[in-house]
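Working notes, structure below.
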Amino acid sequence: MLDIKFIKEKTGLVKKAVKDRNMTVDIDEILAIDEERRSLLGNAEALKQKRNTASTEISRLKKDGEDAGTLIAEMRSTSQKIKELDDKLGDIDKKLHQKLLFVPNILHKTTPIGKSEKDNVEIKKWGETPKFSFTPKPHWEIAKHLDILDFERASKIAGSHFCLYKGLGARLERALINFMLDIHTKKHGYKEVSTPFIANRLSMTGTGQLPKMEEDMYRCEIDDFFLIPTAEVPVTNIHRDEILKENDLPICYTAYSPCFRRESGSYGKDTRGLNRVHQFDKVEMVKFVKPENSYQELESLLGNAETILRQLELPYRVIVLNTLDISFAAAKCYDIEIWGAGQSKYLEVSSCSNFEDFQARRANIRFRRKQTEKIEFVHTLNGSGVALARTVVALLENNQREDGSVSIPKALHPYMDGMEVIE
RNA sequence: GGAGGGAUGGCUGAGUGGCUGAAAGCGGCGGUCUUGAAAACCGUUUUCCGGCAACGGAACGUGGGUUCAAAUCCUACUCCCUCCGCCA
């Protein structure tokens with residue numbers, strides 16, 4: 001969420017961000033509502049001041065045994081007026097807040113302006129894409145042969161685009177989770193947390209999934225709960241409505257969670273096998289930082305995600321999302337895509353974003369400066385470190401051998417009881 | 001599911017109709033002392049909104065209500081704790 005004051009002062013900037021993102025948000029309407037709000041507020045407050053003064057006077061009169069009847073009668077109607085104004089004000093506040101929830105974040109100056117998905121800028125490539133002396137297979141064929149993934153039975157249990165991991169498939173999943181968490185906690189200084197996988201409406205609004213993306217989430221209607229689409233939601237909301245100490249920043253958390261996404265409207269292309277499923281595991285990194293450090297922290301966050309892929313020996317590229325592709329809460333975002341040799345294409349396994357104070361303002365996450373004792377919003381960042389399903393895709397496809405077995409990268413050996421090959 | 005208790009500032013916790021935005025303690029910040037630190041002592045310290053400012057307004061879990069006036073009374077809801085039951 002943006003500050004209404006900021007929108008008022010930097011209207012041009014806000015409108016530009018809306019335009020660059022190719023969105024339609026009526027900023028002028030918001031400013032008009034705010035104008036009306038402030039005028040009502042002024043009236044209401046003047047009356048309240050009158051009432052407060054009278055109250056003190058009534059109290060004094062009564063104590064002195066004098067008659068306060070006239071004043072009380074007068075205040076009766078004043079209070080009535082105040083109530084009417086407050087009701088109006090309440091409505092308008094709600095309306096304004098609702099509108100503000102749909103205003104996207106300002107973009108960082110290094111976020112490229114784009115006209116389509118093609119305008120994302122590749123900034124880095126790492127690793128050699130594997131060469132084969134045979135035709136490499138897609139992971140669903142490899143997995144079927146090894147009997148480690150079972151999509152048919154998963155669909156019996158839940159529906160299409162779910163996956164049942166079996167035997168060494170399940171084992172590999174668990175190994176990856178442990179491996180990633182270990183690296184982030186032991187090498188990168190993150191604190192591990194394990195959160196609820198369900199979040200309420202307030203939490204979902206805090207990180208920006210609501211109100212725009214309600215259709216994309218699984219919802220438990222009776223309780224108005226949502227299955228989390230990413231651990232970003234519960235982890236960022238750990239500190240909702242809190243004032244943090246400057247000395248405690250940056251706060252860095254890492255968490256494993258399953259992620260649930262309805263993926264409505266994304267059928268057809270690129271959805272085979274594990275490419276796009278309704279439930280996948282992910283290890284997430286979340287940071288709460290001081291504003292002046294957030295872009296530096298974004299780089300280190302990206303580096304932390306890259307470390308995982310390097311250790312897993314998975315070739316990848318890093319792209320900067322352009323203004324059309326970036327999520328509406330983010331100011332800048334890097335995507336990491338790994339190479340899937342069996343399908344000859346890149347697969348997104350991580351998004352590393354700086355939200356600046358956008359989420360912090362929505363979720364009311366602040367910190368107190370030690371010197372000045374001033375309270376400010378923190379900056380929040382998060383990044384996948386990394387998403388598991390597509391990592392499994394790449395591991396299977398890139399490390400496949402002609403006989404249908406798959407070699408396991410060295411870094412995972414200790415997590416697989418020393419096993420070097422899945423066969 | 002049943003029975004009780006509770007929700008107040010960064011934290012603990014007093015406060016049952018006007019003198020309470022709120023005692024006290026802790027913590028934070030500034031200072032005295034000290035070579036420096038600790039201790040001790042002194043001062044200071046809720047947040048948000050409107051306003052250039054002076055200043056004004058609001059907030060004691062949330063929403064309604066009573067009243068000239070509500071942290072305080074009524075009401076519904078949410079969450080937390082204890083005990084009992086059930087259960088992974």
Side-chain angles (χ1 to χ4, degrees), chain A residues 1-10 30-100 194-206 210 220-226 234 237-249 251 258 288 290 357 360-378:
Chain A
M1 190 156 68
L2 295 177
D3 188 2
I4 182 66
K5 273 186 237 163
F6 179 86
I7 297 176
K8 219 166 75 182
E9 282 161 22
K10 303 275 166 77
I30 289 172
L31 291 175
I33 294 172
D34 181 56
E35 203 56 48
E36 191 186 347
R37 176 186 141 264
R38 286 209 316 282
S39 133
L40 272 174
L41 187 64
N43 292 344
E45 288 191 352
L47 284 178
K48 282 179 187 174
Q49 184 180 2
K50 194 172 148 195
R51 181 176 67 184
N52 287 343
T53 315
S55 252
T56 316
E57 180 63 8
I58 290 168
S59 168
R60 191 193 62 78
L61 288 173
K62 288 205 161 181
K63 201 159 42 179
D64 295 352
E66 294 176 44
D67 177 40
T70 341
L71 198 48
I72 286 175
E74 193 185 319
M75 281 309 109
R76 202 171 316 217
S77 74
T78 304
S79 277
Q80 188 56 39
K81 269 183 231 154
I82 289 174
K83 195 176 171 331
E84 281 163 23
L85 282 175
D86 272 350
D87 285 349
K88 260 193 224 168
L89 206 50
D91 289 345
I92 210 161
D93 269 339
K94 215 178 281 173
K95 192 165 141 197
L96 181 63
H97 184 74
Q98 208 51 37
K99 297 275 180 196
L100 283 174
S194 176
T195 70
F197 299 150
I198 282 179
N200 59 29
R201 189 168 283 276
L202 213 51
S203 294
M204 286 291 180
T205 307
L210 289 179
C220 317
E221 280 212 20
I222 295 178
D223 302 295
D224 204 24
F225 284 157
F226 298 84
N237 277 283
I238 289 174
H239 294 298
R240 171 152 51 83
D241 289 322
E242 290 186 16
I243 298 174
L244 304 166
K245 290 194 188 117
E246 180 176 8
N247 285 349
D248 291 341
L249 301 178
I251 295 173
F288 303 82
K290 290 198 263 180
D357 64 5
R361 183 170 286 106
R362 284 183 167 230
N364 197 27
I365 307 168
R366 298 170 294 171
F367 76 104
R368 194 188 297 276
R369 292 249 185 222
K370 215 175 153 96
Q371 284 303 312
T372 59
E373 296 198 287
K374 284 274 190 309
I375 290 171
E376 294 175 43
F377 288 108
V378 298

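Reminder, nothing fancy here: chain letters follow the sequence lines and each chain counts from 1.
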Measure the [atom1]-[atom2] distance between [X] and [Y] for me, rounded to the nearest 0.5 Å.
X      : Y      : atom1 : atom2 : value
A/F288 : A/R366 : CZ    : CZ    : 14.5 Å
A/K48  : A/S55  : NZ    : OG    : 13.0 Å
A/M75  : A/L47  : CE    : CG    : 9.0 Å
A/K81  : A/N43  : NZ    : CG    : 11.0 Å

A/R366 side-chain proximity, nearest of B/U47, B/G50, B/G18: B/U47
Pairwise 5' ranking along RNA chain B for A/I243 and A/I4, keeping only the more 5' one: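 Its nearest nucleotide lies further toward 5', so the answer is A/I243.
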Comparing A/I375 and A/G42 on RNA chain B - which has the more 5′ nearest nucleotide: A/I375
Between [M] and [N] - [atom1] atom distance, rounded Å:
N     : M     : atom1 : answer
B/G13 : B/G6  : P     : 13 Å
B/U45 : B/G21 : C1'   : 14 Å
B/C68 : B/G28 : P     : 48 Å
B/G10 : B/G18 : C1'   : 30 Å
B/A59 : B/A54 : C1'   : 23 Å
B/C11 : B/G65 : C1'   : 33 Å
B/C60 : B/A70 : C1'   : 11 Å
B/G9  : B/C26 : C1'   : 13 Å

Criterion side chain to side chain contact (heavy atoms under 4.5 Å, CB included) on A/I72 and A/R76, from CA distance to verdict: CA-CA 6 Å; A/I72 286 175; A/R76 202 171 316 217; 3.8 Å; yes
Whole-Å distance separating the CD atom of A/E246 from the P atom of B/U45: 21 Å
Atom-pair distance (NE2 on A/H239; C1' on B/G10), nearest Å: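 Result: 14 Å.
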Sugar-phosphate, base or nothing in reach of A/L244, heavy atoms under 4.0 Å: nothing
Sugar-phosphate only, base, or nothing, as touched by A/K374 at under 4.0 Å among non-hydrogen atoms: nothing
Secondary structure string for RNA chain B (Watson-Crick or G-U under 3.5 angstrom, | for other-strand pairs): ((((((((.[[[..)..(.....]]]((((((.......))))))(((((....))))).[[[[[..)....]]]]])))))))....
A/D34 vs A/K8, side chain to side chain contact (heavy atoms under 4.5 Å, CB included): CA-CA, chis, key distance, verdict: CA-CA 9 Å; A/D34 181 56; A/K8 219 166 75 182; 3.8 Å; yes
For A/V378 against A/A360, the heavy-atom pair lying closest together: O-CB, 3.2 Å
Under 3.5 Å between N/O atoms: give me all the protein pairs with nucleotides 28-32 of chain B, atom names plus distance.
residue : atom : partner : partner atom : Å
B/G28   : N2   : A/E373  : OE2          : 3.4
B/C29   : OP1  : A/K370  : NZ           : 2.3

Under 4.0 Å protein heavy-atom contact, by nucleotide of nucleotides 52-79 of chain B - B base, S sugar-phosphate only: ----BSS------S--BS----------
Polar contact flag, side-chain donor to acceptor under 3.5 angstrom, A/N200-A/S203: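 Result is yes, a qualifying pair exists.
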Side-chain donor-acceptor contact under 3.5 Å, A/R362 with A/T205: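 Per modelled atom types, A/R362 and A/T205 side chains form no pair under 3.5 Å.
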Over 12 non-hydrogen atoms of neighbours within 6.0 angstrom of NZ in A/K99: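 Counting other residues, nucleotides and ligands, NZ of A/K99 stays at 12 neighbours or fewer.
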Residues A/D91 and A/K95 bridged, charged N to O under 4.0 Å: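 No.
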Charged N-O contact under 4.0 Å between A/E376 and A/R369: yes
